[in-house]
Amino acid sequence: MASPSLMDTLFQRSLDDIIKGVRQQQSSTESIFISKVIEEIRREIKSTDLRTKSTALQKLTYLNSIHFIDMSWASFHAIECISSPTFSHKKIGYLAISQSFNESTPVILLISNQLRKDLKSSNEFEVSLALDCLSRIGTVDLCRDLTSEVFTLMSSSKVFVRKKGIGVVLRLFEKYPDAVRVCFKKLVESLEGSDSQIVSAVVGVFCELASKDPRSYLPLAPEFYRILVDSKNNWVLIKVLKIFAKLAPLEPRLAKRMVEPICDHMRKTGAKSLVFECIRTVVTSFTEYESAMKLAAAKIREFLMEDDPNLKYLGLHAVSIMAPKHLWAVLENKDVVIQSLSDEDPNIKLESLRLVMAMASESNLVETCRVLVNYALKSDPEFCNEILGSILSTCCRNVYDVIIDFDWYVSLLGEMSRIPNCSKGEEIENQLIDIGMRVKDVRPELVRVGRDLLIDPALLGNPFLHRLLSAAAWVCGEYVEFSRNPVELMEALLQPRTSLLPSSIRTVYMQSAFKVLIFCIHSYFLQKEEMTSEVSDLASKRECSESSDLATGKALVQSDQDEGFNPRESNQSYEDPSVVDTGVGQTSTPAFMEEKSFMHESIVNLLNLMELALGPLSGSLDVEIQERAWNVLGFIELVRQEFSNPLIRKEANLEREKVIASRVVEWVHDAFSEELGPVSVTAQDRVLVPDELVLKENLTDLEAICGGVELPSPGSFSLTSPYYGESAGFSVSNLQGEEDSEPSTESTSLLTEHRKRHGLYYLPSEKNKILANDYPPANDPSSGINTNDDTEDLVKLADQSLVSKRKPNHAKPRPVVVKLEGGDAAPVVSKKPELKDDLLSGAIRDVLLGNEAKAASSQSNPSDKSSSKRKGKAKHVILPDSKENLAVGEQPNHENPSSRRSQHRGHGKEKSKKSRGKKNGDGREDDGEKEREKIRDHHGRHKSRQRADAPINVVAQTPDIPDYLL
């Protein structure tokens with residue numbers, strides 16, 4: 001691309017022109033305009049004129065910050081601008097570098113010399129630009145190379161430069177921990193300065209450092225205490241309070257001296273920011289002091305009564321901090337908390353919601369949930385789902401530890417799903433299934449709630465509740481023995497509107513319908529066996545006695561014969577094709593079988609209904625739906641022989657087919673009857689990985705093979721099928737319409753009667769009526785929950801129900817909840833500290849230890865001759881004491897290596913003194929010296945190994961805080 005001409009340079013557009021041009025563009029033409037501007041910038045930035053280059057770089061920086069235009073290609077041009085002697089060009093270049101450079105930028109090392117030059121400049125503004133740039137893009141190499149320059153600037157006479165240099169130290173310590181040994185002492189000395197700007201900068205650096213590893217800064221507590229007492233700068237005091245909030249848990253003795261100054265600031269200051277920081281420090285770190293807690297609670301009350309929403313939110317936030325350990329503070333302000341649920345500010349409403357749930361307990365959970373559900377009905381969709389999510393998370397905490405009446409909670413889950421704005425289908429799904437597996441006593445109520453959800457067609461049109469319907473279908477199929485009317489469940493699971501559900505949900509519906517069918521057929525076989533045994537018993541009694549029992553036996557035999565399929569009676573009793581109900585549903589299979597009996601015709605009708613519903617789905621494009629449909633159809637074909645006309649079948653095959661069908665049904669029923677329980681979240685971790693299985697194998701080949709396959713989205717569904725015309729599901733109205741065309745008045749009357757009873761499952765049959773996909777909202781709120789209570793009534797109710805009471809004596813005992821030994825919550829993985837943090841903390845400890853650290857380092861350095869001489873003399877002087885100590889604690893097998901080393905050094909020195917001035921005529925003295933050198937090397941290595949094995953000794957050297965502070 002050619003460089004810009006003179007005319008282009010003279011008439012170059014400025015940044016103001018670009019901003020005005022962007023604002024004048026419409027949304028459709030904005031991208032075109034920006035593309036043209038980028039082309040101009042690419043030409044202009046290649047100019048040799050630094051003015052033109054810097055203007056182009058300025059425009060590119062603006063477009064990058066507002067429209068996220070890539071500017072990595074202009075890195076070298078930015079370096080050219082910072083080398084300009086003109087301050088305006090240098091400023092633009094540094095801004096571009098700070099905004100676009102990172103550790104992976106190839107040319108970042110080229111700015112090292114220019115940064116060093118600008119850091120030594122006499123112009124304080126140029127120094128400020130370089131420091132600001134270093135604080136943003138400083139890498140390990142840059143921080144190592146420029147540490148000495150920053151250290152010099154920390155002592156600058158110009159306050160503007162000095163405070164910026166102190167701020168850059170934080171970046172140096174983070175990237176290059178060895179800079180601590182150079183700059184940390186100067187940083188601590190700056191705490192004693194009189195300039196408030198310098199002290200503010202230093203305290204800000206220590207506040208950030210203490211947030212990562214506060215233990216290393218305990219020796220500086222006296223300096224921070226002095227600033228807390230003497231400083232008048234509110235922002236400095238806030239930073240110091242943050243530091244003490246970190247240090248107090250590590251050193252409990254600090255609290256005794258800290259409480260009084262903090263309470264004085266709370267009483268005297270008028271700054272709300274400082275008052276809130278004092279409150280937060282007290283409620284988090286000084287909870288043992290009752291007077292301080294009461295003062296903090298009084299100040300919190302003042303925040304809650306403020307009209308400013310920001311201060312009110314801070315007050316609620318402070319109450320939420322106190323809630324876990326001091327619930328009395330929440331109860332004192334419960335009126336304000338309840339009223340805040342109706343506040344216009346969403347943040348205030350969320351904080352008040354958390355506080356209401358913090359007050360929930362076993363005694364008031366029912367009333368609390370009723371109050372919150374009423375608020376959810378009147379709230380906007382976002383806050384409504386926040387309320388529902390808070391109820392769900394609170395009730396399931398610690399494996400439903402707060403719930404006493406699970407029947408109530410399951411019914412509450414059903415009511416929550418019918419709230420118009422509810423989108424918590426997945427959470428409710430998980431809890432319905434989890435409660436069903438953990439609490440056996442709640443399963444009858446669970447099936448009732450699931451049945452109510454399945455027969456409600458309005459829920460099918462809400463995609464947020466599809467997962468909930470999946471759980472309801474699974475529960476009804478898994479625990480169908482607790483259902484009062486299993487065939488009603490079958491009709492609900494196979495209703496035509498299920499075609500609106502995603503394929504993953506429809507497969508659950510089909511599997512649950514199959515479970516219901518297996519249960520009904522198995523129950524029918526059990527009934528038949530019981531009745532057969534009763535008939536045989538009555539027949540034996542009839543042979544033994546000639547009494548009135550003969551008539552009874554004939555009647556029972558006649559009833560047994562009526563169970564066979566009679567074509568003449570095929571069209572009767574279609575009004576209730578399933579169950580003859582003689583009582584109220586029970587909660588166990590034997591009681592259920594006593595009061596409900598399946599007729600032969602009802603089983604035949606169930607098989608016909610299943611075949612009618614699943615026949616069209618056998619050609620579905622979805623593999624799961626197609627496979628399940630074929631499995632059920634194959635089972636129906638196998639079992640149908642048992643329920644066909646016995647007059648048509650041969651006598652030889654009759655008994656054999658009956659045995660096969662009953663055995664298959666029994667086997668499948670036994671498989672479905674296996675108890676399912678909860679699985680620990682850590683169960684997968686306990687499974688050993690086989691040696692042949694490579695879990696981390698590269699699967700790029702699989703992506704190349706399956707790259708062209710488009711998987712259907714989980715929430716997508718289709719109402720058409722290439723195999724069956726418009727509808728992939730079955731339509732009872734269409735199929736019954738075909739029967740209407742036949743000249744059969746009996747079938748027409750039966751269809752009309754069935755439509756009256758089950759009209760909710762039928763699609764509209766009128767030709768001129770178009771089926772709409774927008775279904776009515778899920779159950780009108782007025783039908784389920786009373787919404788006439790206004791805010792004042794709810795506050796009164798909450799005032800009565802949220803008061804802490806004694807645990808009531810429940811007439812109904814709490815059911816057994818299954819808990820796992822391995823735990824039901826996911827394990828919390830503790831984050832290991834990074835290596836840089838360890839290096840930084842170690843370097844700071846070494847600096848703060850002072851002479852002790854130097855002594856320890858000098859003892860571990862035998863190569864230093866002068867230190868070894870001083871050390872040898874000291875060892876030689878204290879040698880008798882060490883011998884006495886060794887004599888007192890007789891440990892011959894575990895002798896202290898340092899004392900042995902001292903003995904060897906002492907003897908070596910004595911021999912060396914005796915042998916001074918003498919000639920070594922023979923080699924004995926040299927041999928003795930060699931042996932002693934070997935012994936010293938051996939003990940030196942042993943001592944270094946012992947020091948490596950016991951690193952905890954370094955922590956023990958941390959100096960104590962002065963007594964005057966503690």
From CA spacing to verdict: salt bridge (Lys or Arg N to Asp or Glu O under 4.0 Å), K312, D345: CA-CA 10 Å; K312 190 174 184 179; D345 194 313; over 6 Å; no
Minimum heavy-atom separation for [X] to [Y], with atom names?
{"X": "W328", "Y": "M293", "result": "CH2-O, 4.3 Å"}
{"X": "I137", "Y": "F101", "result": "CG2-O, 3.9 Å"}
{"X": "Y62", "Y": "L15", "result": "CB-CD1, 3.6 Å"}
{"X": "V205", "Y": "G167", "result": "CG2-CA, 4.2 Å"}
{"X": "I348", "Y": "D343", "result": "CD1-OD1, 3.7 Å"}
{"X": "K175", "Y": "G138", "result": "CG-O, 3.5 Å"}

[Y]/[X] salt bridge by N-O under 4.0 Å criterion:
{"X": "R162", "Y": "D195", "value": "no"}
{"X": "E306", "Y": "K272", "value": "yes"}
{"X": "D335", "Y": "R301", "value": "yes"}
{"X": "D401", "Y": "R397", "value": "no"}

For F224, ring pair (Phe, Tyr, Trp, His ring centres under 6.0 Å) partners two or more places apart: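 Once residues adjacent in sequence are excluded, the partners of F224 under the ring pair (Phe, Tyr, Trp, His ring centres under 6.0 Å) criterion are F206.
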Taking the side chain as every heavy atom from C-beta outward, state whether [X] and [Y] have any pair of such atoms under 4.5 Å apart.
{"X": "K242", "Y": "I238", "result": "yes"}
{"X": "T368", "Y": "M359", "result": "no"}
{"X": "T152", "Y": "L119", "result": "no"}
{"X": "S128", "Y": "V161", "result": "no"}
{"X": "F160", "Y": "Q197", "result": "no"}
{"X": "I97", "Y": "Q114", "result": "no"}

Aromatic ring pairing F125/F87, orientation class (parallel under 30°, perpendicular over 60°, tilted between):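 Ring orientation of F125 relative to F87: perpendicular.
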CD (E189) with more than 12 external heavy atoms under 6.0 Å: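 Buried by this count: over 12 neighbours within 6.0 Å.
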Heavy-atom neighbours of K246 NZ exceed 12 at 6.0 Å: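 Atom NZ in K246 is not packed in, count stays at 12 or less.
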Between OG1 on residue T139 and CG on residue N102, distance to nearest 0.5 Å: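 Separation between the atoms: 10.5 Å.
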List the atom pairs, donor and acceptor, that lie under 3.5 Å between side-chain atoms in residues 273-290 and the rest of the protein, sequence neighbours left out.
{"from": "E277", "atom 1": "OE1", "to": "R280", "atom 2": "NH2", "distance (Å)": "2.9"}
{"from": "T281", "atom 1": "OG1", "to": "E277", "atom 2": "O", "distance (Å)": "2.8"}
{"from": "T284", "atom 1": "OG1", "to": "R280", "atom 2": "O", "distance (Å)": "2.6"}
{"from": "T284", "atom 1": "OG1", "to": "T281", "atom 2": "O", "distance (Å)": "3.3"}
{"from": "S285", "atom 1": "OG", "to": "A245", "atom 2": "O", "distance (Å)": "3.1"}
{"from": "Y289", "atom 1": "OH", "to": "K256", "atom 2": "N", "distance (Å)": "3.4"}
{"from": "E290", "atom 1": "OE2", "to": "K294", "atom 2": "NZ", "distance (Å)": "3.2"}

Distance-only polar pair, side chains of E351 and N347, donor-acceptor under 3.5 Å: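 Short answer, no.
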Do the side chain of [X] and the main chain of [Y] share a donor and acceptor less than 3.5 angstrom apart?
{"X": "S98", "Y": "Y94", "result": "yes"}
{"X": "T61", "Y": "L57", "result": "yes"}
{"X": "K163", "Y": "I198", "result": "no"}

